[in-house]
Amino acid sequence: MIRYYLAALAMAVVPATAHAQITAQNPASVSAAMQKAGYAAQLTKDTSGDPMITSSSSGSSFTVFFYNCTNHTDCRTIQFFAGYPDKTASLSVINGWNSDHRFGRAYISDKGSSRIEMDVDLDDGGMSYGLFEDNLQFWVATMAAFEKHIGK
């Protein structure tokens, strides 16, 4: 009997604590979460009209792009992105990064600049503030490690 009571209590508590607050469908929630975590976050639109957030960490700019949008709203995923037009790393340096790091996909743009990006799936209910902040801190650390890797 006690086991059933505890199971019912756990089920009653889980939905309240598991409620996701950060969704790509609500770009302002992403911007607000970034600000709550101590980052500047300017919510604008990209050249196609989808939401976009510009921010920075330790003097390096990065962008949050919104993807899988319907009519420039109702987005499903985001991507943290940083590009370094003044830093051209060799293909072997970029390949070395991708070989040694699971997160933070790196590549060279068609104009030769080094780039790094990290996708975050916020579909199907989004994620809690705590998990979003963890992903944001992971992104910032990954971006800093990439900058060191390419000699920026």
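Values reported hereafter were calculated over all heavy atoms of this structure, with side chains retained and with hydrogens, waters and symmetry mates removed. Positions are given from 1, in the same order as the sequence printed here.
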Can a donor-acceptor pair be found, under 3.5 Å and without considering hydrogens, that links the side chain of [X] to the backbone of [Y]?
X	Y	value
Trp97	Ile150	no
Ser55	Ala41	no
Thr70	Thr73	no

If the condition is ring-ring contact (aromatic ring centres under 6.0 Å, His included), which residues does Phe138 pass it with, not counting sequence neighbours?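 So Phe138 forms a ring-ring contact (aromatic ring centres under 6.0 Å, His included) with Phe103.
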
Please enumerate all residues that pass ring-ring contact (aromatic ring centres under 6.0 Å, His included) together with Phe80, with sequence neighbours excluded.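 Checked Phe80 against ring-ring contact (aromatic ring centres under 6.0 Å, His included); matches are Trp139.
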
Where [X] and [Y] come nearest, the two heavy atoms and their spacing:
X	Y	value
Asp121	Met127	O-CE, 4.0 Å
Gln21	Ser29	O-CB, 3.6 Å
Phe62	Ala82	CB-CB, 4.3 Å
Ala33	Ile22	CB-CD1, 3.5 Å

Residues in side chain to side chain contact (heavy atoms under 4.5 Å, CB included) with Gln79, at least two apart?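 Expected list: Phe65, Tyr67, Phe81, Arg105, Glu117, Asp119.
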
Side chain to side chain contact (heavy atoms under 4.5 Å, CB included) partners for Asn98, two or more places apart: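 Applying side chain to side chain contact (heavy atoms under 4.5 Å, CB included) to Asn98 gives Ile94, Ala106.
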
Residue pairs involving [range] (criterion disulfide bond (SG atoms under 2.5 Å apart); sequence neighbours excluded):
range	value
residues 67-152	Cys69-Cys75
residues 84-152	none
residues 105-152	none

Answer yes or no: is there a side-chain heavy-atom contact under 4.5 Å between Met34 and Phe132?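 In contact.
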
Is there side-chain contact between Val30 and Leu122, with heavy atoms separated by less than 4.5 Å?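 Val30 vs Leu122: side chains touch.
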
May I have the step-by-step check of side chain to side chain contact (heavy atoms under 4.5 Å, CB included) for Thr142 and His101, ending in yes or no? CA-CA 9 Å; Thr142 299; His101 295 85; over 6 Å; no

Cluster question for you: counting only ILVMFWY and a side-chain heavy-atom cut-off of under 4.5 Å, with indirect links fine, are Met118 and Val140 together?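 Yes; Val140 is reachable from Met118 via cluster members.
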
Are Val64 and Met52 connected in the hydrophobic side-chain network, where two residues link if heavy atoms are under 4.5 Å apart?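 In one cluster: no.
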
With rounding to the nearest 0.5 angstrom, report the [atom1] to [atom2] distance, [X] to [Y].
X	Y	atom1	atom2	value
Ile108	Ser113	CD1	OG	9.0 Å
Ile53	Gln35	CD1	CD	8.5 Å
Ser57	Met143	OG	CE	4.5 Å
Ile116	His149	CD1	NE2	9.0 Å

Any residue meeting side chain to side chain donor-acceptor pair (under 3.5 Å) with [X], in chain and number order, not counting sequence neighbours:
X	result
Arg76	Asp74, Asp123
Thr77	Asn68
Gln137	Tyr39
Thr44	none

Pairs in or reaching into residues 81-92: which pass side-chain hydrogen bond (donor to acceptor under 3.5 Å, both in side chains), with residues at least two apart or in two chains?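 Every side-chain hydrogen bond (donor to acceptor under 3.5 Å, both in side chains) pair that includes a residue of residues 81-92, provided the two are not neighbours, is Tyr84-Glu147, Ser90-Ser92.
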
Report, as yes or no, whether the 6.0 Å neighbourhood of atom CG on Asp100 holds more than 12 heavy atoms from other residues, nucleotides or ligands.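 Check passes, neighbour count above 12.
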
Might you confirm whether atom CD of Gln42 has over 12 heavy atoms from other residues, nucleotides or ligands at distances under 6.0 Å?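 Not more than 12 within 6.0 Å, no.
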
